[in-house]
Number of protein chains: 2
Amino acid sequence: MTSDDKPISAAASIPGQKATLHDVAERVGVSPRTVSRVVNDEGGFSSATRERVLNAINELGYRPNLLARSLITNRSNTVAFVVPVIDDPFFPEVAQGVQAAARDRGLTMFLAVTEGRLELQRQVLERMASHGIDGLILFPHAEDLDDVARFAGQGLPTVVIDDALDHPNVCVVRSDLEHGVSLAVDHLRERGRTSLAMLANEASPRRKLRRETTFRSMVPNGIVVKSPPTFEAGYRATAELLAREERFDGLFAFNDVMAAGAITAIIDSGRSVPGDISVVGCDDIEMSALLTPGLTTIRIDRERLGAEAVSRLIQLRDSVTAPPASTLTVSLVVRESS
Amino acid sequence: MTSDDKPISAAASIPGQKATLHDVAERVGVSPRTVSRVVNDEGGFSSATRERVLNAINELGYRPNLLARSLITNRSNTVAFVVPVIDDPFFPEVAQGVQAAARDRGLTMFLAVTEGRLELQRQVLERMASHGIDGLILFPHAEDLDDVARFAGQGLPTVVIDDALDHPNVCVVRSDLEHGVSLAVDHLRERGRTSLAMLANEASPRRKLRRETTFRSMVPNGIVVKSPPTFEAGYRATAELLAREERFDGLFAFNDVMAAGAITAIIDSGRSVPGDISVVGCDDIEMSALLTPGLTTIRIDRERLGAEAVSRLIQLRDSVTAPPASTLTVSLVVRESS
DNA sequence: TCGGACTACGTCAACGTTGACGTAATAGGT
DNA sequence: ACCTATTACGTCAACGTTGACGTAGTCCGA
C-alpha cells in the first residue's frame with residue numbers, strides 16, 4: 001500500500017504468460033476469491049481493495065478464463081448459429097443480425113455450415129453441444145428435425161428459423177411469407193396482370209411449401225412451376241414455360257436469384273420486362289436493386305430476423321416456458337420489373 | 001460382465017442430464033481415467049474393456065466436455081474468424097472456406113464482425129482471447145495493427161488476410177492482386193483499349209493501395225479516381241468522370257460492386273459497354289455473372305483463401321517458426337463487359 | 001527362477017474459476 | 001455493555017477432464 005508495491009513479483013508482469021486470479025491476488029495481497037468478487041462486481045469488498053485489484057488487473061493484463069468460469073457456472077456465453085449455406089446473399093445478413101445481437105448481450109457466436117447435409121448437421125450439433133453452447137439458432141435441415149428435437153430434449157435452448165417444431169425447448173422465428181405472397185399477388189393485379197405464374201422451389205420441405213400453398217389459394221388457376229432455387233434453374237424453367245406457349249403476364253418467384261434468371265430468360269425470348277411480363281421476386285437481396293431492370297421484390301428484414309432469434313433464445317434460456325413463435329412482417333419493394 | 005449389468009444404476013440413463021466420465025466409469029466398473037483413455041484412444045486398455053466402455057458411452061449418451069478438456073490441455077479447438085463486414089459477397093465465401101477447413105480439422109469457428117470499428121475489433125479480440133481460442137484469422141482494421149500485434153505477442157497464433165504484419169506469431173495470406181491488375185490491364189490492351197482509367201478505393205490503408213500502385217506503374221498516364229467501394233459511389237465517380245469529358249475507353253475497378261455502378265453510369269450517359277468503354281472488375285462475386293452485360297473481372301478464389309488461412313494457422317500453432325506468407329493466384333474471367 | 005519389460009489398469013493433483021460457508025472486526029441499537 | 005447485523009474478507013470443494021506417476025499381474029528370456 002506504500003510506494004514499494006511495484007517491485008513485488010516483477011516476473012509476473014511478463015506479458016507472454018497469461019495471468020490468473022491467483023497472480024492478481026498475490027500481487028495485491030488478497031485471496032483469489034476477493035479478486036473474483038471484484039471482477040464480477042459481486043460486492044463484499046472495500047473501495048480501496050477494489051482500486052488495488054483493478055490496478056493489478058491492468059498491470060498484469062489479467063483476463064478471466066471463460067473456460068474455467070463456464071465449467072463451474074454451466075454457462076459458456078456462446079451461441080451457435082447453424083446455416084445450410086453461407087455463400088448466398090440471404091444467410092450472411094441473418095448472421096449479421098445474430099452476431100450483433102449476441103455481441104451486445106455478451107455472447108459470442110459460433111458459426112457452422114451444414115451444406116444441407118444431414119450428417120454434417122448432426123456432426124455440427126454434436127460438436128457444439130460438446131462446446132457447451134448456451135443456445136442454438138438454426139435453419140434446420142429440410143427433411144429431418146429429429147436431431148434438433150433430440151438436442152432440445154437434452155436441454156439445449158433452440159430457436160428454429162423459418163420452420164416449425166413443437167417442443168417445449170424450441171422457439172420458432174419466421175417471416176410472414178404468406179403475407180409476402182399476398183402482397184406480390186395484389187401488386188401484380190394492381191398492375192393489371194391477370195394471368196399469374198409462380199416459380200416455386202423444387203425441393204419442398206414443409207417450410208418452403210408455404211409460399212406455394214398461399215399462391216395456389218390466392219390464384220386458383222395460376223401456373224406453378226417448380227425448379228431448384230438457383231439462377232440457372234430459374235432461367236431454364238422460365239424458358240421452358242415460354243416455349244410451351246403458356247400465357248402469363250405476371251410472375252412471382254420463390255426468391256430473387258430465380259427471379260433474376262426468369263428476367264434474363266424472358267428478355268432472351270424477345271419479350272420485355274415489365275412490358276410483356278411483370279416479375280416479382282422474394283428476399284430483396286442486394287443484387288436485386290442492381291439488376292436491369294431493378295427487381296420488384298418482397299423484402300425480408302434479415303438482420304432483424306437474426307436479432308429476433310437471439311432475443312427469443314435469451315427468453316427461452318431464462319424462463320421456464322417457451323415464448324410464443326414470433327413472425328416478422330415483410331414488405332413490398334417496387335422497382336422497375338413490375 | 002454377465003447379463004445383469006443392465007439394471008445397474010438405471011437412473012443414470014435419463015437423457016435429460018448430461019453424462020460425465022464418472023457416470024460412464026461407474027456403469028462399466030472402471031475408473032474415469034480408463035474411460036478417458038478409451039475416449040481419446042490413448043491405448044492402455046483391453047479390447048474387452050474398450051467394448052464395454054463404448055457401449056456405456058452410447059447408452060448414456062456421453063459427450064466429452066470440451067470446456068473441461070480445454071482447461072487442462074490448454075487447447076480449445078476453436079478458431080476465431082474476424083471480418084469487418086459480413087453482408088457483402090466477399091467475406092461469407094472466405095468464411096465458408098475457413099469454416100470447412102476448420103471443421104475438417106476438428107476445429108469450431110467463432111465468427112465476429114467489427115464493422116470496421118477499431119473499438120469493436122478490440123472488444124472482439126479481447127473476448128475471443130478470454131474464450132481461449134487456439135488461433136485467430138482476421139481481416140484487420142485498416143488503420144491500426146497494434147491490437148493484433150499485441151495479441152500475437154501474447155502468444156496467439158494469428159493469420160492476417162490481405163494485409164502485412166511482420167511478427168513471429170503472425171502469418172500473412174493474400175491473393176496476388178498485383179498480378180490481377182496486370183491481367184486486367186493486359187486484357188484491356190489486347191481489346192485495343194488505349195486510354196485506361198481506374199476506379200480506386202478511397203479509404204486507402206496500406207493493403208488497398210496495392211492495386212492502385214500497380215495500376216499507376218503499368219499505366220503511367222492513366223486516370224485514377226478514388227471513391228468509396230460501393231455501387232452508388234462507383235456510379236457517381238464514373239458519372240463525374242464522364243461529365244468532365246475525360247477520354248477513356250477502358251476502366252478497371254477496385255471491386256465488382258464499383259464496376260457495376262460504373263457500368264450503369266456509362267450506360268445512363270448514353271454510351272455502351274463494351275462498345276465505347278470496356279469495364280473490368282475485381283473479385284468475381286456471384287452477381288457479376290448476372291449483370292447485363294456480364295462483368296469481366298479478376299477472380300479471387302475466396303474459399304481457398306479461407307482454407308489456406310486455416311492451414312497456415314495450424315502450421316503456426318504447431319511449429320516454432322512462422323511459416324512464410326502465402327500468396328494465392330488470381331485469374332481473369334472474361335464476360336461481355338470487355 | 002529371477003529380473004526386466006509390458007499391459008492394464010488406478011490414484012492423485014491440477015487446470016482457473018465460483019458456490020457455499022465460515023469468521024473476525026466493526027457498527028448500531030438498547 | 002451486550003446482542004445483532006453488516007462488512008469484508010478467507011477457506012474449501014467442486015466443475016469434468018487429463019498429466020504424472022504408481023502398481024499389480026503376466027510374459028518372456030537367460
Side-chain angles (χ1 to χ4, degrees), chain A residues 1 12 17-54 56-57 60-78 127 129-134 154-155, chain B residues 1 12 17-54 56-57 60-78 127 129-134 154-155:
Chain A
M1 34 209 71
Q17 292 305 327
K18 45 203 75 171
T20 71
L21 279 185
H22 283 84
D23 300 326
V24 177
E26 195 176 344
R27 174 173 261 252
V28 176
V30 295
S31 79
R33 194 61 187 80
T34 294
V35 178
S36 168
R37 276 190 268 254
V38 171
V39 169
N40 295 0
D41 207 20
E42 290 177 32
F45 46 80
S46 68
S47 62
T49 301
R50 194 186 107 93
E51 208 63 27
R52 288 160 56 219
V53 166
L54 256 29
I57 284 177
L60 296 178
Y62 167 78
R63 245 192 309 268
N65 182 326
L66 295 188
L67 298 176
R69 179 182 290 174
S70 302
L71 188 54
I72 190 156
T73 60
N74 221 16
R75 279 274 178 101
S76 65
N77 291 310
T78 57
R127 210 175 273 177
S130 277
H131 275 293
I133 53 170
D134 289 345
Q154 287 171 22
Chain B
M1 33 198 77
Q17 290 307 324
K18 45 203 74 171
T20 71
L21 279 185
H22 283 83
D23 301 324
V24 177
E26 194 176 343
R27 174 173 261 251
V28 177
V30 294
S31 77
R33 194 61 186 80
T34 295
V35 178
S36 167
R37 276 190 269 254
V38 172
V39 169
N40 295 4
D41 207 21
E42 288 177 32
F45 46 80
S46 68
S47 63
T49 301
R50 194 185 106 94
E51 209 62 26
R52 288 162 53 222
V53 167
L54 256 29
I57 284 176
L60 296 179
Y62 166 78
R63 245 192 309 268
N65 182 325
L66 295 187
L67 298 176
R69 181 182 287 174
S70 302
L71 188 56
I72 190 156
T73 60
N74 220 17
R75 277 273 179 100
S76 65
N77 292 309
T78 56
R127 210 175 273 178
S130 277
H131 274 293
I133 54 170
D134 288 346
Q154 287 172 22

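Here is the naming used below: chain letters follow the sequence lines, and residue numbers restart at 1 for every chain. Keep in mind the model is a prediction, meaning the values are calculated, not measured.
- Using a 4.5 Å heavy-atom cutoff, the side chains of B:Arg27 and B:His22 are not in contact.
- For D:dC9, one of the phosphate oxygens OP1 or OP2 lies less than 4.0 angstrom from a side-chain nitrogen or oxygen of A:Thr49.
- Using a 4.0 Å heavy-atom cutoff across all strands shown, A:Arg33 reaches at least one base atom of the nucleic acid.
- Each of A:Val30 and B:Leu71 has a nearest nucleotide on DNA chain D; the 5'-most of these lies closest to A:Val30.
- Side-chain contact between A:Pro64 and A:Arg69 is present, with at least one heavy-atom pair separated by less than 4.5 Å.
- Considering only heavy atoms from C-beta on, A:Ser36 comes within 4.5 Å of A:Asn40 through its side chain.
- Between the CD atom of A:Glu42 and the P atom of D:dC9 there is a distance of 13 Å, given to the nearest Å.
- Checked by atom type and distance alone, the side chain of A:Ser130 never pairs as donor or acceptor with a backbone atom of B:Arg63 at under 3.5 Å.
- A:Asn40 comes within 4.0 angstrom of sugar-phosphate atoms only, judged by non-hydrogen atoms across all strands, and of no base.
- Residue-level contact check: A:Ser70 touches neither bases nor backbone, having no heavy atom under 4.0 Å from any strand.
- Interface limits on DNA chain C: the 5'-most and 3'-most nucleotides within less than 4.0 Å of chain B heavy atoms are C:dA8 to C:dG16.
- Within 4.0 Å of B:Ser31, counting heavy atoms only, lies at least one base atom of the nucleic acid.
- For the pair B:Asn65/A:Leu71, a side-chain contact is recorded, criterion being any heavy-atom separation below 4.5 Å from C-beta on.
- When heavy atoms are screened at a 4.0 angstrom cut-off, A:Pro64 is found touching the sugar-phosphate backbone but no base atom.
- Counting heavy atoms of neighbouring residues, nucleotides and ligands inside a 6.0 Å radius, atom CZ of A:Arg50 does not exceed 12 of them.
- Heavy-atom distances to DNA chain C give each of B:Gly44 and B:Ile72 a nearest nucleotide, and the one nearer the 5′ end belongs to B:Gly44.
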